[in-house]
Structures are given as structure tokens and as C-alpha cells.
Amino acid sequence: MPEGPELFLAGQYVNRVCGGLVFSGKVEKSEISATQGGDQKPMDLVFRFGMSGSFKMVPVAEMPKHAHLRFYTKEKPLRVLCYVDVRRFGRWEVDGSWQADRGPCVMLEYEKFRENVLRNLSDKAFNKPICEALLNQKYFSGIGNYLRAEILYRLKIPPFEKARTVLEKLQHREETSGLTLSKKVKLKRENPDLLELCHMVPMEVINLGGKGYEPGRSEDYTAFVGWLQCYYVPGMKSLRDSNGRTIWFQGDPGPMAPKGNKSRKKQSQVKTDPGASKEKSRKKQLTVKTDADTSNPKVRKPVARKKSRTTSPPKAVEEARKPRKKPGTKTVKKVEDAAMANGTKTPNTRSKRKSAALQESPATDSESQKCRASSQKNRGKAAATTRARRGKAQ
DNA sequence: CGTCCACGTCTAC
DNA sequence: TAGACCTGGACGG
């Protein structure tokens with residue numbers, strides 16, 4: 001769930017579903033043993049969503065798997081507000097605060113964000129390709145992998161053009177000298193520059209009104225997939241950047257493209273001959289699942305390629321991608337008054353976890369308590385699951 | 001079965 | 001600049 005828009009939408013969601021509610025009792029962590037509720041002084045909890053964090057309010061009977069932190073309502077059809085995080089890259093922090101090196105929010109602090117970038121162009125962060133600089137949260141707080149692709153695509157900026165080169169040009173725009181105010185506004189709206197798009201594009205996602213990037217069967221997700229113009233879209237190219245992240249784009253990759261990445265554009269829908277190429281081709285999906293009774297599967301099947309190769313996914317279903325929009329922005333209220341449990345951290349590899357599932361080690365450095373979502377006990381049929389470990393650590 | 005991939009950080013050579 | 005950190009879905013054999 002987690003680029004800027006997803007965080008914003010999660011905040012809205014929590015405030016909406018919790019409006020007027022009272023929570024009581026323990027705040028529960030996913031291990032049965034490990035909890036402690038207590039009260040009751042107001043405190044701030046800072047959540048980071050990692051790759052898969054989200055909030056969900058459900059009846060107790062429908063507790064989601066991977067619900068790592070749970071707040072129970074006081075009123076009687078008991079419900080739970082859950083922090084859910086499948087991959088557990090997320091964490092929460094008691095009395096946490098905004099990270100020191102996180103820049104102004106691209107959505108809520110646009111002017112500050114813009115200034116922060118343009119005033120610091122000498123920073124070596126801007127020596128990098130623009131697609132990599134865009135993931136630097138010190139300057140582009142809220143931008144993530146799908147947003148960088150969508151933003152660059154709008155202007156057809158080559159992703160591996162040097163960031164400073166791209167951004168220096170925007171300084172001149174600051175003196176929009178002789179124009180009247182209305183002309184300036186019009187110019188901005190009709191020809192937004194890169195930094196303006198860093199605000200506008202995430203706002204578009206918010207205004208879709210769903211949950212943003214959250215795979216599932218929902219109409220909302222269908223709308224989100226339809227909104228994407230570049231990321232994972234059939235016909236677009238992709239490359240690995242120097243951090244191994246996939247950048248989707250169209251056209252020229254730009255001068256700083258990693259070597260060994262030949263930019264080939266493959267046509268959509270071409271099937272590779274079996275064994276024809278040394279490059280391994282495989283299929284991937286960004287899928288909109290539909291209900292079984294609805295006989296209209298809208299599926300995308302782009303092809304992703306091995307490291308260091310350009311990709312053009314075969315086009316699959318174009319129909320899933322019709323542009324549409326909804327209005328409606330609300331403001332976020334602050335989430336407060338949460339009673340909390342102590343932080344713990346569960347290390348572990350999959351194999352280790354079996355024996356360690358219930359162990360908890362108190363957070364070691366706890367000037368502030370940071371918590372990784374702790375692992376959950378295996379349940380039911382999943383109990384016997386093992387899995388080859390990746391990497392070679394430990 | 002196994003491999004690769006995913007909305008992001010983190011820290012250790 | 002590699003990995004580590006995780007789970008699970010899609011796909012290939």
C-alpha cells in the first residue's frame with residue numbers, strides 16, 4: 001500500500017472509520033503472548049508501511065492474516081482496527097516523529113518541497129539519473145516506484161537523464177516574469193513541469209478515491225490499474241536502475257542508462273520463440289481479479305525480463321485501462337490517543353521462525369520504541385510450510 | 001517443486 | 001553497491 005497517496009488514503013480511511021468511536025482494552029500484537037495494553041496517556045504512533053502495510057477495520061471474526069497491531073472498539077459489535085503488513089517491512093514507532101532526513105511532502109507541502117529541491121541542486125543526490133533521484137525521500141518524500149514512472153512518462157523525460165540537468169531548467173521557470181496571474185495558472189495547469197507533476201500525479205491517485213496501489217478484486221483497484229499510463233503497462237519498456245529497481249518508461253532511456261542494458265523495443269503481443277534467445281523471458285502480471293460470476297477477466301500480462309535487459313511486455317488487455325476520474329479530496333486529521341504495547345522485534349529466517357515464533361526480544365535500542373511487525377504464528381494448513389531461503393545469509 | 005517478482009528502506013562489507 | 005529483510009502470487013518444469 002505504500003507510496004505517498006496510499007499513506008494519505010490510509011490516514012483518511014482511519015479517520016473515517018474511527019470517527020466517533022471509542023477503543024478500549026488491550027492493544028494487541030500479533031503474538032498471543034506479547035502484549036500489553038495499558039493506558040492511557042495520549043501518544044503518537046508513527047507507522048511506516050514498508051512494501052505492504054495498510055489499515056483495516058473489521059469485525060473481530062474477520063481478523064486478517066498478518067494483522068500485527070490491533071485496536072479493539074469498546075462498543076459491542078466488537079470490531080478491530082488492524083495494522084496489516086504481509087511482508088513485515090513496515091514498522092511502528094511509539095512517540096515517533098517525522099524522520100529527520102525526510103523532505104517536505106510532495107502532496108501536502110508542495111511549495112516547500114519545490115524549494116527544497118531547487119535550492120539544493122548542488123547536492124550530489126542530483127548527480128544521479130532522474131529516475132533514481134526521484135526515489136530519494138530527502139527530496140521527493142512520497143514518490144515511489146510507480147509514481148516516478150508515471151511522472152517521467154507525462155513529460156517523456158528519459159529516466160536516465162542526469163537529475164541536475166533536468167531540474168536546472170526549472171529554475172528559470174521560477175521567474176515567470178511578464179505573465180499575468182491567470183496566465184501563470186493556466187501555464188501551470190496545461191504545461192506542468194516535473195516538480196509540479198510530483199504533486200499533481202499523486203493527487204490524481206488520491207482523487208481516484210480508492211486505496212491506490214492495492215491489488216485485489218475491487219473496483220477501486222481496477223480504476224487504479226486503468227489510471228496507470230506507464231508503470232507495468234503493455235508496450236512500455238523497463239530497465240533495472242542501479243539499485244535493482246525496475247523503471248518503466250517509453251522511448252529513450254537517456255545517457256546514464258546502465259550498461260549492458262540494450263534498449264530494445266519489442267512489439268506487443270509477440271511471443272518469444274521457445275529457446276530462441278539467451279535472455280530468459282517470463283510473464284508477469286499486474287492483474288485485476290474479477291469475481292467468478294463476472295465473466296470479464298481483465299488481465300494484464302506484461303513480460304518482465306532478467307536483470308539488465310530492456311523489456312516490452314506483450315500487450316494483453318487494453319480494456320482494463322480506460323482513463324477516468326473522480327473528484328473529492330478531504331483533509332487528514334491526526335490520529336491520536338492510542339494506547340500502546342511495548343515494542344519488540346522478531347528476527348528470523350523462515351526456518352528459524354518455526355521454533356522462535358513465540359519468542360520476543362525486547363527492543364534493544366529503545367530511546368524510542370521501534371517495532372517491526374512481529375511474525376504471526378502459523379495457522380492451519382500453513383503450518384507445515386517451508387521454503388527455500390533466498391540469499392545465503394546466516 | 002523451484003525461480004522470479006513486488007508499492008521500501010536499512011546496514012554491513 | 002550488494003545484500004537482507006519477508007510473504008505470496010505467477011509462472012515454468
Side-chain angles (χ1 to χ4, degrees), chain A residues 1-10 30 47-54 64-68 84-91 93 99 101-102 128 132 134-138 140-150 202 205 210-217 221 224-225 227-228 231-232 238 240-248 258 272 274-275 279-289 299-307 309 311 313 316 345-353 357 365 370 372-376 378-379 381-382 385-394:
Chain A
M1 223 196 162
E3 294 183 27
E6 288 75 19
L7 276 277
F8 180 94
L9 289 163
S30 50
F47 287 86
R48 313 189 55 194
F49 280 11
M51 290 285 264
S52 54
S54 67
K65 208 178 170 186
H66 309 295
H68 298 299
V84 182
D85 184 3
V86 179
R87 296 182 68 182
R88 288 188 280 134
F89 291 170
R91 52 181 56 184
E93 196 175 335
Q99 292 165 110
D101 50 350
R102 226 169 228 276
K128 301 193 170 184
E132 292 177 20
L134 282 170
L135 294 184
N136 185 339
Q137 302 299 295
K138 184 175 173 184
F140 297 92
S141 182
I143 303 301
N145 204 27
Y146 78 76
L147 285 172
R148 70 170 177 173
E150 295 298 314
V205 178
K211 290 198 159 187
Y213 190 167
E214 195 190 60
R217 267 154 292 264
Y221 184 58
F224 174 77
V225 171
W227 171 84
L228 291 170
Y231 180 81
Y232 248 111
S238 69
R240 296 310 177 99
D241 69 17
S242 73
N243 298 306
R245 304 270 256 142
T246 304
I247 173 70
W248 292 84
T272 11
E279 299 164 19
K280 206 156 113 191
S281 91
R282 36 190 327 275
K283 289 184 192 167
K284 287 280 308 169
Q285 291 187 320
L286 188 58
T287 302
V288 179
K289 295 169 192 162
V299 178
R300 284 215 205 156
K301 295 198 162 194
V303 166
R305 233 155 252 288
K306 235 180 148 166
K307 278 176 192 167
R309 289 290 175 274
T311 303
K345 169 196 243 179
T346 307
N348 64 34
T349 59
R350 291 185 185 204
S351 45
K352 225 191 237 167
R353 250 185 302 124
D365 315 311
K370 298 182 186 180
R372 300 202 72 109
S374 8
S375 61
Q376 202 173 15
N378 289 329
R379 290 195 290 224
K381 60 184 176 173
T385 305
T386 56
R387 188 181 244 265
R389 284 189 297 148
R390 289 191 263 278
K392 45 201 160 162
Q394 286 153 319

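Since the model is a prediction, treat every value here as computed from it, not as a measurement.
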How many Å lie between NZ on A:Lys65 and C1' on C:dG9, as a whole number?
-> 12 Å

Measure from the side-chain heavy atoms of A:Arg240 and tell me the nearest of B:dA6, B:dT9, B:dG8.
-> B:dA6

Reckon A:Thr246 has a side-chain N or O less than 4.0 Å from the OP1 or OP2 of B:dA6?
-> yes

For atom P, what is the distance between B:dT9 and C:dG8, given to the nearest Å?
-> 22 Å

Kindly indicate whether the side chain of A:Arg87 and the base of C:dC6 share any N or O donor-acceptor pair separated by less than 3.5 Å?
-> yes

Taking atom OG of A:Ser242 and atom NZ of A:Lys128, what is their separation to the nearest 0.5 Å?
-> 6.0 Å

Specify the separation, in whole Å, of atom CD of A:Glu6 and atom C1' of B:dT9.
-> 16 Å

Atom P, compared across C:dC6 and B:dC1: separation rounded to whole Å = 22 Å

Distance check: side-chain N/O of A:Arg91 vs OP1/OP2 of B:dG8, anything under 4.0 Å?
-> no

Report yes if the distance between the aromatic ring centroids of A:Tyr231 and A:Phe224 is under 6.0 Å, otherwise no.
-> no

Report yes if at least one side-chain N or O of A:Gln137 is closer than 4.0 Å to OP1 or OP2 of B:dG8; otherwise report no.
-> no

Value in whole Å for how far the P atom of C:dG9 lies from CE of A:Met51 = 15 Å

Please report the closest heavy-atom contact between A:Pro5 and A:Tyr146, naming both atoms and the distance.
-> CG-OH, 3.8 Å

B:dC7 OP1/OP2 closer than 4.0 Å to side-chain N/O of A:Arg245 | yes

If we call it a pair only when both distances are under 3.5 Å in a Watson-Crick or G-U wobble match, what pairs with B:dC7?
-> none

Given B:dC7, B:dT9, C:dC5, which nucleotide is nearest the side-chain atoms of A:Phe89?
-> C:dC5

Just checking A:Arg148: base, sugar-phosphate only, or nothing, at a heavy-atom cut-off of under 4.0 Å?
-> nothing

What integer distance in Å separates A:Arg88:CZ from B:dA6:C1'?
-> 17 Å

For A:His66 and C:dC6, is the shortest distance between a side-chain N/O and OP1 or OP2 below 4.0 Å?
-> no

To the nearest 0.5 Å, atom CD of A:Gln137 lies from atom CG of A:Asp101 at 9.5 Å

Quantified in whole Å, what is the C1' atom distance between nucleotide C:dG13 and nucleotide B:dC4?
-> 14 Å

At their closest point, which heavy atom of A:Ala10 faces which heavy atom of A:Phe49, and how far apart are they?
-> CB-CE2, 3.6 Å

A:Asn243 CG - C:dT1 P separation (whole Å) = 8 Å

Once you round it to whole Å, what is the distance between P of B:dG8 and CG of A:Leu134?
-> 12 Å

Does OP1 or OP2 of B:dC7 have a side-chain N or O of A:Lys211 closer than 4.0 Å?
-> no

Let me know the distance between CG of A:Asp241 and P of B:dT9, rounded to the nearest Å.
-> 13 Å

Kindly give the heavy-atom pair with the smallest separation between A:Val205 and A:Gly212, and that separation in Å.
-> CG1-CA, 3.9 Å

Spacing of the C1' atoms in B:dC7 and C:dT1 (rounded, Å) | 23 Å

